[in-house]
Amino acid sequence: GYTSPGNGYSSPGNGYSSPGSGYSSPGSGYSSPGGGYSSPTIYETTTTLLVNYQPTSITGIPGPATGSTWYQSFTAVNSAQFTKFAFTTNGSFSATADVKIREGEGIAGNILHSGTWSGLGSVTNGFNEYEITNEVLLTGGQTYTIQLENQTAGGFIGSNPGQYSGGMFYYSGYSGEYGDLKMKIWGLLE
């Protein structure tokens, strides 16, 4: 009786000190979760390589010509703010392309970023990087798609289909899955 938890004076539900009895209850205003004062997610200031896919067999993959469907998807290893990606170009060329980053696999998901890739091909037979200019947040374990459109020249380096299990490369000019690109994905870790 005398030493039981909540020994009579402070037991939950006995009146004046019970949770939910007024100004001290959770959700009563400024101290509530989601009340506007909780700090936002903090991301590290140094970029981390999230995906580094180096195919085991190398072959040329076409660029996304006008009217073709062309994309490479990937799975975010960690939750992060997406900062840049890189694909290895094939041969010497200079081009521009339209870039879309989407949620999910394929070209039906919500668009998280749209931009123009200028100077594509400036690194011959190496990784050409594209910087993402707006805040694109990746959730660990989720799949995202990098779609290129209307590329003016050139192509990329990739491998045979199905080697990268975290996503796929798709090119409509080759009746579907063509082969995963040699790629890198960077982000600021959560």
Side-chain angles (χ1 to χ4, degrees), residues 47-77 79-139 141-188:
T47 57
T48 299
L49 191 57
L50 304 176
V51 175
N52 184 12
Y53 181 64
Q54 306 281 350
T56 54
S57 65
I58 303 297
T59 184
I61 285 180
T66 302
S68 68
T69 298
W70 190 102
Y71 66 82
Q72 173 71 55
S73 58
F74 68 93
T75 297
V77 179
S79 293
Q81 182 177 325
F82 195 1
T83 55
K84 65 180 175 177
F85 66 86
F87 296 146
T88 298
T89 52
N90 186 16
S92 176
F93 65 90
S94 179
T96 61
D98 299 326
V99 178
K100 289 180 182 160
I101 296 170
R102 296 178 179 268
E103 292 178 327
E105 176 86 58
I107 60 168
N110 289 333
I111 297 173
L112 304 175
H113 169 85
S114 292
T116 301
W117 194 346
S118 301
L120 177 55
S122 58
V123 178
T124 303
N125 297 326
F127 279 105
N128 283 251
E129 297 181 4
Y130 177 86
E131 300 275 346
I132 294 158
T133 53
N134 64 306
E135 185 179 79
V136 176
L137 303 181
L138 304 176
T139 301
Q142 297 298 308
T143 301
Y144 298 89
T145 295
I146 299 168
Q147 178 186 7
L148 298 189
E149 296 179 300
N150 305 321
Q151 189 168 314
T152 55
F156 297 87
I157 295 291
S159 66
N160 295 329
Q163 292 193 30
Y164 171 58
S165 60
M168 64 174 281
F169 179 84
Y170 181 95
Y171 172 57
S172 60
Y174 191 76
S175 65
E177 191 176 352
Y178 193 87
D180 294 301
L181 297 185
K182 189 172 183 178
M183 64 177 160
K184 293 182 180 180
I185 307 291
W186 288 269
L188 300 173

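This structure is a prediction, so every number in the text was calculated from the model and none was measured.
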**Report entry** Beyond-backbone contact of Thr69 with Tyr71, side-chain heavy atoms, under 4.5 angstrom
**Finding:** yes

**Report entry** Reported OG1-to-CG distance for the pair Thr75 and Leu50, which is rounded to 0.5 angstrom
**Finding:** 11.5 Å

Query raised in the report: Is there a donor-acceptor contact under 3.5 Å from the side chain of Arg102 to the main chain of Thr145?
Result: no

Requested in this report: Mind running side chain to side chain contact (heavy atoms under 4.5 Å, CB included) on Ile146 and Ile185 for me, showing each step along the way?
Outcome: CA-CA 10 Å; Ile146 299 168; Ile185 307 291; 3.8 Å; yes

Query raised in the report: Is there a donor-acceptor pair closer than 3.5 Å between any side-chain N or O of Thr83 and the backbone N or O of Trp186?
Result: yes

Query raised in the report: Less than 4.5 Å apart, any side-chain heavy atom of Pro64 and any of Glu149?
Result: no

Query raised in the report: Can you tell me if Gln72 uses its side chain to pair, donor with acceptor, with the backbone of Leu181 under 3.5 Å?
Result: yes

Query - Close side-chain approach of Ile157 and Phe127, heavy atoms under 4.5 Å - result: no

**Report entry** Any donor-acceptor pair under 3.5 Å from Thr96 side chain to Ser118 backbone
**Finding:** no

Query raised in the report: After noting the C-alpha distance and the side-chain angles of His113 and Phe85, does the key distance pass the ring-ring contact (aromatic ring centres under 6.0 Å, His included) rule?
Result: CA-CA 13 Å; His113 169 85; Phe85 66 86; 8.5 Å; no

Query raised in the report: How long is the gap from CG on Asn160 to OG1 on Thr59, to the nearest 0.5 Å?
Result: 7.0 Å

Report summary line: Distance col, row Lys182:NZ vs Ile58:CD1, nearest 0.5 angstrom, shows 5.0 Å

Requested in this report: Would you name the heavy atoms of Gln54 and Asn52 that are closest together and state the gap between them?
Outcome: NE2-OD1, 3.0 Å

**Report entry** Asn134 versus Leu112, closest heavy-atom pair with distance
**Finding:** ND2-O, 3.0 Å

Report summary line: Minimal heavy-atom distance between Thr139 and Ala76, with the atoms involved, is O-CB, 3.6 Å

Report summary line: Result for ring pair (Phe, Tyr, Trp, His ring centres under 6.0 Å) between Phe74 and one of Tyr164, Phe82, Phe169, Phe87 points to Phe82

Report summary line: To the nearest 0.5 Å, atom CG of Leu120 lies from atom CD of Gln151 at 4.5 Å

**Report entry** Chi angles and distances behind the side chain to side chain contact (heavy atoms under 4.5 Å, CB included) call for Val99, Leu148
**Finding:** CA-CA 5 Å; Val99 178; Leu148 298 189; 3.6 Å; yes

Report summary line: Rounded to the nearest 0.5 Å, the OG atom of Ser68 sits from the CG atom of Asn150 at a distance of 8.0 Å

Report task. Evaluate side chain to side chain contact (heavy atoms under 4.5 Å, CB included) for Phe156 paired with Thr89, printing each intermediate quantity in order. Result -> CA-CA 4 Å; Phe156 297 87; Thr89 52; 4.0 Å; yes

Requested in this report: Report yes if the side chains of Tyr170 and Glu105 come closer than 4.5 Å at any heavy-atom pair, otherwise no.
Outcome: no

Query - Minimum heavy-atom distance Gly158-Pro55, with the two atoms named - result: C-CG, 4.0 Å

Query raised in the report: When you look at Gln81 and Leu137, which way does the side chain to side chain contact (heavy atoms under 4.5 Å, CB included) test go after all the steps?
Result: CA-CA 4 Å; Gln81 182 177 325; Leu137 303 181; 3.9 Å; yes

Query raised in the report: Looking only at side chains, do Asp180 and Gln163 share a donor and an acceptor under 3.5 Å apart?
Result: no

Query raised in the report: Out of curiosity, Lys84 NZ to Lys184 NZ, how far, rounded to the nearest 0.5 Å?
Result: 9.0 Å

Query - Sub-4.5 Å side-chain heavy-atom contact between Asn125 and Thr88 - result: no

Report summary line: Closest non-hydrogen contact found for Ser73 with Met183 is O-CE, 4.1 Å

Report task. Of all the heavy-atom pairs spanning Tyr130 and Gly115, show the shortest one and how long it is. Result -> OH-CA, 3.4 Å

Query - Student check: side-chain heavy atoms of Ser122 and Asn128 closer than 4.5 Å - result: yes

